[in-house]
Amino acid sequence: VQLQASGGGMVQAGGSLRLSCAASRLVFSLYAMGWFRQAPGQERKFVVGISRNGGSTIYEDSVKGRFTISRDNAQNTAYLQMNSLKPEDTAVYYCAATRGYWATTYYTSRRDYEYWGPGTQVTVSS
């Protein structure tokens with residue numbers, strides 16, 4: 001399994017970025033996906049999760065209303081649209097995948113995820 005995140009960069013506060021996570025060597029539609037982030041000196045934390053079928057999502061409180069996760073199972077890709085970015089969103093963002101045994105289940109714990117991408121840096125300047 002390979003996951004490759006892209007789309008990170010530097011943006012001013014209030015700006016937007018769209019991250020992509022391209023998956024390969026797996027049946028993408030059988031995997032729930034998630035995004036985590038890790039700021040310098042901090043542990044990796046959950047941001048958002050989406051179920052196998054895309055019908056269920058969950059967001060960490062600080063990103064609700066600003067971030068949107070989606071997936072395109074035909075393209076083997078998950079997305080994270082980030083709007084109204086704040087300096088505190090600055091972190092390395094990681095996408096992760098785990099075999100979802102139920103189509104509508106999402107996962108929020110790092111321990112739930114089997115596969116991880118290498119991360120993409122997001123920097124928000126004030």
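If you read the sequence from its start, that first residue is 1, and numbering goes on from there. Remember, it's a predicted structure, so these values are computed and weren't measured experimentally.
- Of all non-hydrogen atoms in W35 and S20, the two that sit nearest each other are CH2-O, 3.7 Å.
- Of the possible polar contacts, none joining the S56 side chain to the S51 backbone as a donor-acceptor pair under 3.5 Å is found.
- For the pair R110 and Y113, the NZ or CZ position fails the cation-pi test of under 6.0 Å to the six-membered ring centre and within 45 degrees of the ring normal.
- Closest heavy-atom contact between M33 and A97: SD-CB, 3.5 Å.
- For the atom pair CZ of R52 and CG of N73, the computed distance is 9.5 Å after rounding to the nearest 0.5 Å.
- Under the 3.5 Å distance criterion, with hydrogens and angles disregarded, no donor-acceptor pair is assigned to the side chains of S6 and Q4.
- Geometrically, R71 engages F28 in a cation-pi contact, judged by NZ or CZ lying under 6.0 Å from the ring centre and within 45° of the ring axis.
- Screening V122, V92, D89 against R37 for a side-chain contact (heavy atoms from CB on, under 4.5 Å) leaves a single residue, D89.
- Rounding to the nearest 0.5 Å places CG of N76 at 11.5 Å from OH of Y31.
- Not one N or O on the side chain of Y93 forms a donor-acceptor pair closer than 3.5 Å with the backbone of A5.
- In this structure, the separation between CZ on R99 and CG on L26 is 10.0 Å, given to the nearest 0.5 Å.
- Taking the six-membered ring where the residue is Trp, the centroids of W116 and F36 are separated by under 6.0 Å.
- Of the possible donor and acceptor atoms, none in the side chain of T77 sits under 3.5 Å from a partner among the backbone N and O of A22.
- Residues V48 and F67 have side chains not in contact (no heavy-atom distance under 4.5 Å, counting atoms from C-beta outward).
- A 4.5 Å side-chain heavy-atom check between T90 and Q121 finds at least one atom pair inside the cut-off.
- Every side chain to side chain donor-acceptor pair (under 3.5 Å) that N83 has, sequence neighbours left out, goes to S16, Q81.
- In the hydrophobic cluster analysis, where Ile, Leu, Val, Met, Phe, Trp and Tyr join through side-chain heavy atoms closer than 4.5 angstrom, V63 is grouped apart from Y79.
- Y107 places no side-chain N or O within donor-acceptor distance of the main-chain N or O of G100, the cut-off being under 3.5 Å.
- Distance alone, capped at 3.5 Å, is enough to place a donor-acceptor pair between the T98 side chain and the D112 backbone.
- A continuous path of ILVMFWY side-chain contacts below 4.5 Å connects L17 to V124, so both sit in one hydrophobic cluster.
- Hydrophobic clustering keeps I58 apart from V47 (ILVMFWY residues linked when any side-chain heavy atoms are closer than 4.5 Å, directly or through intermediates).
- Both L3 and L30 belong to a single network of hydrophobic side chains, linked directly or stepwise wherever heavy atoms of I, L, V, M, F, W or Y lie under 4.5 Å apart.
- T57 places none of its side-chain heavy atoms less than 4.5 Å from the side chain of Y106.
- Residues I50 and Y94 do not share a hydrophobic cluster, defined by chaining ILVMFWY side chains whose heavy atoms lie under 4.5 Å apart.
- For the atom pair CZ (R18) and OG1 (T68), the distance works out to 10.5 Å, reported to the nearest 0.5 Å.
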